[in-house]
Amino acid sequence: MRARPLLLVGLLLLAAGCGGSTGGDRPDEQATLLLDFTPNAVHSGIYVASDRGFDTAEGVKLTIRKPSASTDALKLLQGGRADMAILDIHDLGLAREKGRDLVGVMAFVQRPLAAVLAQPAIRSPRDLEGRRAGVTGLPSDSAVLRSVVQGAGGDPRRVRETTIGFGAVKALLARRVAGATAFWNVEGVALHARRPGMREFRVDDFGAPAYPELVLCVTRATLEDRRPLVRATIRALQRGYTDAQQDPESAVSTMLAREPGLDRASLSAQLDAVAPAFTAGADEFGQLRPATLAAWNRWDARFGILKRPIDVTRAFDTTLVGKPAAQ
């Protein structure tokens, strides 16, 4: 009469060994995950998690949604048309400043992706004094430019800031600007491939804290009412990004199968560049560290992205990935 209970225990242990969640941990729901940008290597773990069934193993079926020119991630989240979205951490801060109750629950990278890219003649960011430097027009770009120049001992007020939209690579290749703000993991990789010798000054090398640039976000209602769904998604993504780090070539192939318009060489170069940032300084992928978030909060307020520091304890839930970090 003991055979059936023992068989049940064995099956449960087998399920646990395969990495799937069981019992109350399984939400068994579908969810839409909105990307922050055109698919690139920073999203590799998401595609791996979906392709290899890590999401369904954890009890959630993810639908990956790409942004379009008209997509407003904040409206889609609050309107219930996306269950979760990747947001730039500065956008999350600005949204909360406007009273939108969004919460960051997981980090995709553990350091900023923002940088100032520059012509070979610019040996230090302070060399941008008296020269034109391009920015997209977003408040965070001006802050990055000022922080990098100031961190190198220069005077940001002497830099001729000019708005170029999202055309940093073209503007630099055409030599219309001496430098431009951009993401080093995408535009930086593309620029170096086109013109070796171009300079790259990452913001956290010039005074900014090592903040997590991209964060998985949900509404407060989703976090409170569908917490198992959020936890299951995090577990699935942790498995996906672990595989992407361990086998980047396979991760690239997985993305290309889903997004055939991407270029293999560019995607591989992007992943080589960004993969170390997935877990840099963290105990595990996805960790949100309170001390780091506090430092980011002060930096954003100091350089004018935020009017004043926000309440980071409300803006982030640091308990969903591993053990809560020390305050």
Side-chain angles (χ1 to χ4, degrees), residues 31-37 40 42-43 46 65-67 71-114 136-144 147 181 183 185 203-204 208-224 226-227 229-231 233-234 237 277-278 282 285-321 324-325:
T32 299
L33 172 56
L34 179 66
L35 304 184
D36 60 304
F37 195 63
N40 60 79
V42 82
H43 306 128
I46 300 173
R65 183 169 177 178
K66 295 177 287 187
T71 294
D72 185 334
L74 303 177
K75 289 181 179 179
L76 292 177
L77 272 177
Q78 291 196 307
R81 288 177 287 168
D83 299 295
M84 52 198 77
I86 305 173
L87 293 183
D88 186 288
I89 192 171
H90 309 301
D91 291 337
L92 172 59
L94 289 168
R96 292 203 57 84
E97 194 170 64
K98 294 176 182 177
R100 297 177 175 177
D101 200 4
L102 303 180
V103 186
V105 295
M106 188 196 80
F108 285 92
V109 288
Q110 294 293 334
R111 65 176 303 185
L113 301 177
T136 64
L138 297 174
S140 56
D141 274 13
S142 295
V144 166
S147 180
T181 55
F183 277 176
N185 63 303
V203 66
D204 51 330
Y211 58 79
E213 184 84 47
L214 300 176
V215 182
L216 182 67
C217 296
V218 297
T219 63
R220 177 79 54 191
T222 296
L223 182 60
E224 292 179 349
R226 305 172 71 189
R227 195 175 184 88
L229 173 70
V230 178
R231 291 180 61 88
T233 300
I234 289 173
L237 294 180
F278 290 156
F285 175 81
Q287 185 179 25
L288 290 168
R289 294 169 288 174
T292 299
L293 297 173
W296 158 79
N297 194 24
R298 292 190 296 269
W299 184 85
D300 263 30
R302 176 186 174 192
F303 283 92
I305 300 175
L306 300 173
K307 295 178 182 177
R308 61 185 62 84
I310 61 172
D311 184 351
V312 293
T313 63
R314 293 287 294 172
F316 300 92
D317 188 329
T318 63
T319 69
L320 292 166
V321 178

Quiz item: If every non-hydrogen atom of Leu92 is compared with every non-hydrogen atom of Ala315, which pair is closest and at what distance?
Solution: CD2-O, 4.0 Å
Quiz item: Taking the six-membered ring for Trp, are Trp299 and Tyr211 parallel (under 30°), tilted (30 to 60°) or perpendicular (over 60°)?
Solution: tilted
Quiz item: Is there a side-chain contact between Gln78 and Leu102, using heavy atoms and a 4.5 Å cut-off?
Solution: yes
Exercise. Please examine the side chains of Leu216 and Leu33, heavy atoms only from C-beta on, and report whether any two atoms are closer than 4.5 Å.
Key: yes
Self-check item: Least distance between heavy atoms, Gly286 atom then Val321 atom
Solution: O-CG2, 3.5 Å
Practice problem: Sort out for me which residue in Ile86, Val215, Asp36 forms a side-chain contact (heavy atoms from CB on, under 4.5 Å) with Phe108. | Solution: Ile86
Quiz prompt | Interatomic spacing from CZ in Arg65 to CG in Asp83 - rounded to 0.5 Å | solution = 10.5 Å
Practice problem: Just say parallel, tilted or perpendicular for the rings of Trp296 and His90, cut-offs at 30° and 60°. | Solution: tilted
Quiz item: For the side-chain contact (heavy atoms from CB on, under 4.5 Å) test, which of Asp300, Val109, Leu214, Leu293 pairs with Ile89?
Solution: Leu293
Quiz prompt | Heavy-atom side-chain contact between Asp317 and Arg227 under 4.5 Å | solution = yes
Practice problem: Quick one: pull up CD in Gln287 and CD in Gln110 and give me the separation to the nearest 0.5 Å. | Solution: 6.5 Å
Quiz item: Between CD of Glu97 and CG of Asp91, what distance do you get to the nearest 0.5 Å?
Solution: 12.0 Å
Self-check item: Arg314 backbone acceptor or donor facing Arg220 side chain under 3.5 Å
Solution: yes
Quiz item: Going by heavy atoms in the side chains, are Asp88 and Glu213 under 4.5 Å from each other?
Solution: yes
Exercise. Provide the closest heavy-atom pair for Thr292 versus Ala210 in the form atom of the first, atom of the second, distance.
Key: CG2-O, 3.2 Å
Practice problem: List the atom of Leu288, the atom of Gly104, and the distance in Å for their closest heavy-atom pair. | Solution: CD1-O, 3.6 Å
Quiz prompt | Leu34 side chain reached by Met84 side chain, heavy atoms, under 4.5 Å | solution = no
Quiz item: Do Ile310 and Asn297 have side-chain heavy atoms sitting under 4.5 Å apart?
Solution: yes
Quiz item: For the residue pair Ala208 and Ser147, what are the closest heavy atoms and their distance?
Solution: N-OG, 4.2 Å
Exercise. Rounded to the nearest 0.5 Å, what's the gap from CG on Leu87 to CG on Leu35? Could you check?
Key: 11.5 Å
Quiz prompt | Nearest non-hydrogen partners of Ala31 and Leu229, listed with the distance | solution = CB-CD1, 4.0 Å
Exercise. Starting at SG of Cys217, measure out to CG of Leu223 and round the result to the nearest 0.5 Å.
Key: 11.0 Å
